[in-house]
Amino acid sequence: MEWTDERVATLKGMWLSGYTARQIAERLGGVTRNAVIGKAHRLGLSTRPSPIRRHEPVSMPRVVERTCQWPIGHPGSPEFHFCGEEAVSGKPYCDKHCGVAYRRSSQDSGS
DNA sequence: CCCTGATTCGC
DNA sequence: GCGAATCAGG
């Protein structure tokens with residue numbers, strides 16, 4: 001079928017009225033809902049009262065920034081990992097490792 | 001398993 | 001530009 005001005009007008013009207021792509025396709029005849037959706041996109045429609053919501057491209061809540069980044073084991077070895085405990089707010093380490101990381105701030109107490 | 005729209009991709 | 005196939009979710 002051809003997308004005449006009349007058929008396009010029907011598509012627009014129904015789409016904007018909230019009809020599903022399938023309903024529109026049935027009304028028009030000779031087209032599938034895929035055709036309707038594809039055409040709707042080309043018309044600049046789309047994103048309208050749709051029952052589903054796609055996941056936004058937002059990566060997971062910065063879990064990494066909330067977990068202790070204190071290295072455990074030797075870097076490069078299979079056993080190497082980070083502490084992973086809940087980190088102190090604003091710090092890259094948990095409370096325990098903050099103590100290790102930030103002690104002797106003004107003096108060297110030796111090994 | 002039915003449905004929804006979104007996107008991709010060969011034509 | 002078109003729309004089936006596919007994707008991603010309800």
Side-chain angles (χ1 to χ4, degrees):
Chain A
M1 291 294 288
E2 184 183 11
W3 282 111
T4 62
D5 184 63
E6 185 177 301
R7 288 167 65 79
V8 170
T10 301
L11 188 158
K12 281 185 179 178
M14 291 184 72
W15 186 269
L16 266 35
S17 296
Y19 285 90
T20 67
R22 169 167 287 189
Q23 293 282 27
I24 300 171
E26 289 179 358
R27 167 68 71 86
L28 291 174
V31 290
T32 64
R33 70 183 192 92
N34 299 291
V36 171
I37 292 170
K39 182 59 179 176
H41 277 235
R42 275 169 247 125
L43 289 172
L45 301 176
S46 74
T47 57
R48 46 123 206 177
S50 54
I52 68 167
R53 294 185 292 96
R54 288 191 137 227
H55 284 170
E56 295 177 13
V58 58
S59 53
M60 289 218 269
R62 303 103 186 2
V63 176
V64 172
E65 295 184 7
R66 302 187 60 132
T67 57
C68 181
Q69 300 299 297
W70 189 265
I72 306 294
H74 296 111
S77 84
E79 309 302 325
F80 179 74
H81 64 284
F82 292 101
C83 172
E85 289 296 314
E86 184 179 348
V88 175
S89 180
K91 297 263 178 32
Y93 309 120
C94 68
D95 185 62
K96 184 179 74 175
H97 288 132
C98 272
V100 179
Y102 301 124
R103 78 175 132 155
R104 54 174 146 80
S105 57
S106 61
Q107 105 176 33
D108 176 40
S109 55
S111 56

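Just so we're clear, the structure is a prediction, and the values are computed from it rather than from any experiment. Order of the sequence lines fixes the chain letters, A, B, ..., with proteins taken first and strands second; residue numbering starts at 1 for each chain.
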A side-chain contact here means heavy atoms from C-beta on lying under 4.5 Å apart; do [X] and [Y] qualify?
| X | Y | result |
| --- | --- | --- |
| A/Arg33 | A/Thr20 | no |
| A/Phe82 | A/Thr67 | no |
| A/Leu16 | A/Leu45 | yes |

Rounded to whole angstrom units, what separation is found between the [atom1] atom of [X] and the [atom2] atom of [N]?
| X | N | atom1 | atom2 | answer |
| --- | --- | --- | --- | --- |
| A/Ile37 | B/dT8 | CD1 | P | 14 Å |
| A/Glu26 | B/dT4 | CD | P | 9 Å |
| A/Leu11 | C/dC2 | CG | C1' | 13 Å |
| A/Arg22 | B/dG5 | CZ | P | 10 Å |
| A/Arg7 | C/dG1 | CZ | P | 18 Å |
| A/His41 | B/dG5 | NE2 | P | 10 Å |

Do A/Tyr102 and A/Ile72 share a hydrophobic cluster (ILVMFWY, side-chain heavy atoms under 4.5 Å, transitive)?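 Cluster IDs for A/Tyr102 and A/Ile72 match.
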
Apply the side-chain contact (heavy atoms from CB on, under 4.5 Å) test between A/Trp15 and each candidate in A/Ile37, A/Leu43, A/Thr10; give the one that qualifies.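 So the option named by the test is A/Ile37.
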
Which of these passes side-chain contact (heavy atoms from CB on, under 4.5 Å) with A/Arg7: A/Thr4, A/Asp5, A/Leu11?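 Running side-chain contact (heavy atoms from CB on, under 4.5 Å) over A/Thr4, A/Asp5, A/Leu11 with A/Arg7 returns exactly one hit, A/Thr4.
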
All N/O pairs under 3.5 Å across the protein-nucleotides 3-6 of chain C interface:
unit_1, atom_1, unit_2, atom_2, d
C/dG3, OP2, A/Trp3, NE1, 2.6
C/dG3, N7, A/Arg42, NH2, 2.4
C/dA4, OP2, A/Thr32, OG1, 2.2
C/dA5, N6, A/Asn34, OD1, 3.1

